[in-house]
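One structure is given below, encoded as structure tokens.
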Amino acid sequence: MLTLNFIREKKELIIERLKVKNFDAREIIDKIIDLDNKRRKTKQKSDSLQSEINQISKEIGKLFSQGLKEEAEAVKKKTAAIKEEIKKAGTALGHIEKELMELLVTVPNIPNEMVVPGKSEEGNVKVKEGGTIPELVNDPLPHWELARKFDIIDFELGNKLTGAGFPVYKGKGAKLQRALINYFLDEGQKAGFSEVLPPIIVNEDSGFGTGQLPDKEGMMYHVPVDNYYLIPTAEVPVTNIYRDVILNADQLPVKNIAYTPCFRREAGSWGAHVRGLNRLHQFDKVEIVVIAHPEKSYEALEMMVDHVEKLITSLELPYRIMRLCGGDISFTSALTYDFEVFSAAQKRWLEVSSVSNFESFQSNRLKCRFREKGEKQNKLVHTLNGSALALPRILAALLENNQHPDGIKIPDALVSYTGFESI
RNA sequence: GGAGAAAUGGCAGAGUGGUCGAAUGCGGCGGUCUUGAAAACCGUUGUCCCGAGGAAUCGGGACCGGGGGUUCGAAUCCCUCUUUCUCCGCCA
């Protein structure tokens with residue numbers, strides 16, 4: 001959510017920049033500014049009326065303490081009409097604020113200058129490519145067949161227990177999963193991220209804070225009896241740690257890392273391209289979240305991208321880094337880098353990480369601010385997050401790319417975690 | 001799940017209808033003293049919104065767990081939700 005002040009001050013700039021995201025903002029911005037003017041006027045009115053009441057109340061208090069009961073009663077009579085007006089102004093203000101909020105949350109974050117226009121993912125810009133695509137044996141198997149062959153992931157069993165998209169990892173598959181989680185967490189800690197293990201079910205406020213609610217309600221599993229939501233990513237609980245928090249400038253940047261399962265309903269997105277591990281309802285992910293000083297957030301973004309790249313490189317996977325174009329970047333993001341690894345049997349690039357700077361778009365909702373020494377005004381922090389990494393597609397690529405006639409080779413970096421060198 | 005108690009500023013903790021945004025202590029910040037530090041002493045100390053101003057700042061409003069109500073006036077009374085504590089029950 002953009003701040004009202006920013007919208008008022010940089011109206012034309014916002015309209016111009018949002019064209020990159022294929023969003024026509026002019027009409028809505030005008031409405032917002034108009035409503036905000038109304039809001040201010042109404043607030044002014046209600047405040048001055050309230051001030052009157054406060055004055056009168058003090059007077060009455062004095063009169064009573066002097067024992068002048070009758071005089072006090074007389075003054076009381078003046079209040080009825082004012083109170084009626086306050087009530088009116090109050091409800092009007094409430095309506096205006098609600099409407100204003102409803103409009104505000106529909107305006108996307110403005111993209112960074114590096115974001116190019118584009119219609120879809122076709123327009124994304126490749127900024128880097130690394131690793132080598134392996135030469136595979138004849139008739140390489142896609143990971144879902146490898147999974148069956150070596151009995152390490154059981155999709156059918158998951159269907160029985162829950163439904164499609166909830167695989168059961170077995171034996172070396174389960175161990176490999178655990179190895180990856182531990183490896184990612186350990187590497188994160190070495191890079192200065194401090195670990196949290198948050199709840200994976202959150203309340204409505206948290207859903208709102210990171211922007212899943214009210215719009216993207218359909219992506220999350222809902223627990224109606226308690227009105228809780230299963231998290232679609234650790235970003236939700238971890239970022240919400242800092243909801244309504246004022247940090248000291250010297251605490252920045254805050255660097256957190258968290259492993260959680262993630263739950264996504266992914267309604268209506270089924271077909272051949274989402275077979276096997278490519279898209280799941282429940283999956284594991286290690287997430288990094290950074291709360292940064294506004295002047296240092298792009299530095300932080302770079303640091304995060306480097307970290308993710310190092311992880312993928314250490315797993316010896318062929319990868320490319322894409323800078324998302326205006327058509328593919330998310331509603332909340334100012335700049336996003338996607339990491340894709342090449343899954344050699346499917347012959348496809350699979351997205352395994354998305355690292356974004358939200359600038360103050362999220363922190364404005366979260367009300368996460370920081371205090372600079374010597375400055376009175378608290379300012380909004382910048383928030384960033386990224387996957388480091390999402391497991392299923394990494395697993396898919398590892399299985400497919402490392403298949404050999406005699407089994408699947410585990411990358412060296414993982415062996416001390418798995419305890420075995422091949423499957 | 002049942003019974004009872006409680007929720008106040010960064011923390012501790014007063015305040016049960018009228019200058020209470022809130023005593024006091026601790027902490028933080030600034031200063032005096034000191035070669036320096038500590039101690040002592042003095043001062044200062046939240047957040048949000050509206051308005052004025054170039055700014056420092058000033059005026060107004062709101063906030064004592066959340067929401068609602070009573071009243072001219074609520075931290076204080078009432079309703080409701082949430083959370084915490086104690087006792088009982090149950091349980092990984």
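Order of the sequence lines fixes the chain letters, A, B, ..., with proteins taken first and strands second; residue numbering starts at 1 for each chain.
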Tell me whether A:D24 is salt-bridged to A:K21, with the criterion being a basic N under 4.0 Å from an acidic carboxylate O. no
Counting only Watson-Crick and G-U wobble pairs with both atom distances below 3.5 Å, the stems of 3 or more consecutive pairs that include RNA chain B are B:1-7 with B:82-88, B:10-12 with B:24-26, B:27-32 with B:40-45, B:46-52 with B:57-63, B:65-69 with B:77-81
Side-chain N or O of A:R371 versus OP1/OP2 of B:G46: is the shortest distance under 4.0 Å?
no
How are the rings of A:H307 and A:F193 set relative to one another: parallel (under 30°), tilted (30 to 60°) or perpendicular (over 60°)? tilted
Answer yes or no: does a side-chain N or O of A:R39 lie under 4.0 Å from OP1 or OP2 of B:C49?
no
- More than 12 heavy atoms of other residues, nucleotides or ligands under 6.0 Å from CD of A:E302: is that the case? no
5' to 3', nucleotides 72-83 of chain B under a 4.0 Å protein heavy-atom cut-off (B base, S sugar-phosphate only, - none) gives BS----------
Ring geometry between A:Y229 and A:H222 (parallel below 30°, tilted from 30 to 60°, perpendicular above 60°): parallel
Notebook entry, point to check: Is A:S51 near enough to B:G61 that one of its side-chain N or O atoms lies under 4.0 angstrom from OP1 or OP2?
Noted result: yes
- Message: Side-chain N or O of A:R40 versus OP1/OP2 of B:G51: is the shortest distance under 4.0 Å?
- Response: yes
Check: Is the closest side-chain donor-acceptor distance between A:S333 and A:T336 under 3.5 Å?
Finding: yes
* Asked: Under 4.0 angstrom, heavy atoms only, what part of the nucleic acid is A:I82 near: base, sugar-phosphate, or nothing?
  -> nothing
Atom CG of A:N248 and atom P of B:G27 are separated, to the nearest Å, by 18 Å
A:Q377 atom CD is separated from B:U47 atom C1', nearest whole Å, by 11 Å
task: Report yes or no: is there a donor-acceptor pair, N or O only, under 3.5 Å between the side chain of A:D47 and the base of B:G61?
output: no
